[in-house]
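For reference, the structure discussed in these notes is given below.
First listed ligand is number 1; within each ligand, the first listed atom is number 1. Heads up: numbering here begins at 1 and tracks the sequence. Computed from a predicted model, the values in this text were never measured in an experiment.
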Amino acid sequence: MSAADQLRRLPKVDRTLEHPTLVELGVRRSVVRRLVAEAIDGERERMLAAIREAREPSPTVADLDAIATRVRARLDDWLTPHPVPVLNATGVVLHTNLGRAPLSAEARMAALAAAGNCDLELDLETGKRGSRLAHLRPLLAALFEAEDVLVVNNGAAALLLACSALGVPGGVALSRGQHVEIGDGFRVAEMAAAGGVPVIPIGSTNRTHLRDYEAALERASALLWVHRSNFEQTGFVVDVELATLGQLARDRNVPLIADLGSGLVDHPEVRASAPGEPSVTSYLEQGATIVGFSGDKLLGGPQAGLLAGSAAAIARCRRHPLARALRCGKLALAALHATAIAHLRPGAQTLPVQAMLEVGGDTLRRRAERLCAQLGWSPACVRESMATVGGGSLPGRELASIALVAPVGSAHDAAALLRRARPAMVARVHADELWIDLRTLVDVDDETVLAALRRL
Ligand SMILES: *Cc1c(COP(=O)(O)O)cnc(C)c1O
């Protein structure tokens, strides 16, 4: 049969819609029709490609049953709410692709409770209109030892808002050594300038001097400091210290905006788990006027962007029109409040991120041996591993960890099997071995881990 004849045998949309697999689905017909049309188009494309590449001069055509089955599978996927839960066995504590910080049980419950009607902007005492930050604001300010705070959608929004509100009219000066690119090709300097306030690059990649900042202030209205949250610089390097910039900002009466990335809280316990990572409070002490950071990095909360700093700077940000466009939703605010409460009780260790960073090697090893025995795997499956913090925190820092190396034939096939199961587990494939790192599974109970691994 010729290629043209084969193409003509493609099922028709109306016929396919009547297929038993696709009737009485309780789904809008217009939606099913669209999926059917897409499936038939896809099949036509596949056949044309096969003809073009002359792999098959006359490719076979999928029949009505096959198309209907494809449509049904696609529809089933649409009808499954995503994202679905994943067990993080990668050893990357803040895994951006896996939703960064897992929330504490209290934060999850708080978000669920706020999902219905809630007192988001109503003062229940007086019955008058209130602010959505009324309860959280003093608590966060105390936690970070700041005069005031503001919460927006994410870290990028915090940066954009601070630069837009405080960098007028002359723009913000940023060292070329701090032109950081974060995930997915986004560049901090471009995000900072997205509100129309120019970012003025100063110095060179490896060396920026105080005189560069001083010269920039002839035009710039603010100084911007971006923490190198995902890389390090060594060699022939000069940087101006943050405290020196803080002094310059005070002398010239301009704001110093600091984009910290990860929002470390300054408790001894928390510090110990992240040595070398600057805290929000330390940035303020060194003279930053305002510090922007994420809620879902080391803070261990939901996606949110926080600004902590002087009352005047926060007030300018709060009044900027972008503040309304970038504001934080009630689910995240509820989860953030529960997370902040956990930070008020350091040592209680109810935050999964904290537990992942702090869990000891012996604890991990004992758990690994127990799991191994229960799975009937050889004790040799328990191996020393290296976990990382990830998520743009503590570049280059590795955390000694313990992993189970699964006794499987093909690590890639086994990884796919774990990914496709529910709950899915995402493990690490390294040197054609399947590594299940236990450090990032501390918030998951043994039964759940065992159930996932028994599928292998
Ligand atoms: C992560 C990060 C951001 C962006 O924060 P999001 O919460 O992901 O929007 C901005 N700046 C720095 C330095 C970061 O590390």
Of the side chain and backbone of [X], name the one, both, or neither that has a heavy atom under 4.0 Å from an atom of ligand 1.
| X | value |
| --- | --- |
| R228 | neither |
| A156 | both |
| H227 | backbone |

Note to self: Quick check on R100 - does any of its heavy atoms sit under 4.0 Å from an atom of ligand 1?
What the structure shows: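 Per 4.0 Å heavy-atom rule, R100 contacts ligand 1.
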Checklist line | Non-hydrogen atom of V180 closer than 4.0 Å to ligand 1 | finding: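 No.
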Item checked: Proximity winner for atom 4 (C) of ligand 1, if only heavy atoms of D259, I182, D184 are counted ->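 Closest candidate by heavy-atom distance is I182.
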Next item on the list: Decide side chain to side chain donor-acceptor pair (under 3.5 Å) for R228 and Q233; before the verdict, give the C-alpha distance in whole Å, the side-chain angles of both, and the deciding distance to 0.1 Å.
Entry: CA-CA 9 Å; R228 292 191 190 110; Q233 264 195 340; 3.1 Å; yes
Notebook entry, point to check: side-chain hydrogen bond (donor to acceptor under 3.5 Å, both in side chains) with S164: which residues, sequence neighbours excluded?
Noted result: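 So S164 forms no side-chain hydrogen bond (donor to acceptor under 3.5 Å, both in side chains) with any residue.
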Check: In terms of heavy-atom contacts, does CD of Q374 have more than 12 from other residues, nucleotides or ligands at under 6.0 Å?
Finding: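 Yes.
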Note to self: Can you confirm whether H337 sits close enough to L139 that some side-chain heavy atom of one is under 4.5 Å from a side-chain heavy atom of the other?
What the structure shows: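 Side chain of H337 against side chain of L139, heavy atoms only: contact under 4.5 Å found.
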Salt bridge or not between [X] and [Y]? Use side-chain N to carboxylate O under 4.0 Å.
| X | Y | answer |
| --- | --- | --- |
| E384 | R365 | yes |
| R318 | D148 | yes |
| R34 | E38 | yes |

Just distances here: any N/O of [X] and N/O of ligand 1 closer than 3.5 Å?
| X | value |
| --- | --- |
| K297 | yes |
| D296 | no |
| L260 | no |
| V188 | no |

Notebook entry, point to check: In ligand 1, which numbered atoms sit nearer than 4.0 Å to a non-hydrogen atom of S294?
Noted result: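 Within the 4.0 Å cut-off of S294, ligand 1 contributes 5 (O), 6 (P), 7 (O).
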Note to self: Only heavy atoms of G155, strictly under 4.0 Å: list the atoms of ligand 1 that pass.
What the structure shows: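 Ligand 1 atoms under the 4.0 Å threshold to G155: 5 (O), 6 (P), 7 (O), 9 (O).
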Next item on the list: Given ring pair (Phe, Tyr, Trp, His ring centres under 6.0 Å), test F293 with F144 step by step and report yes or no.
Entry: CA-CA 12 Å; F293 52 100; F144 294 112; 4.9 Å; yes
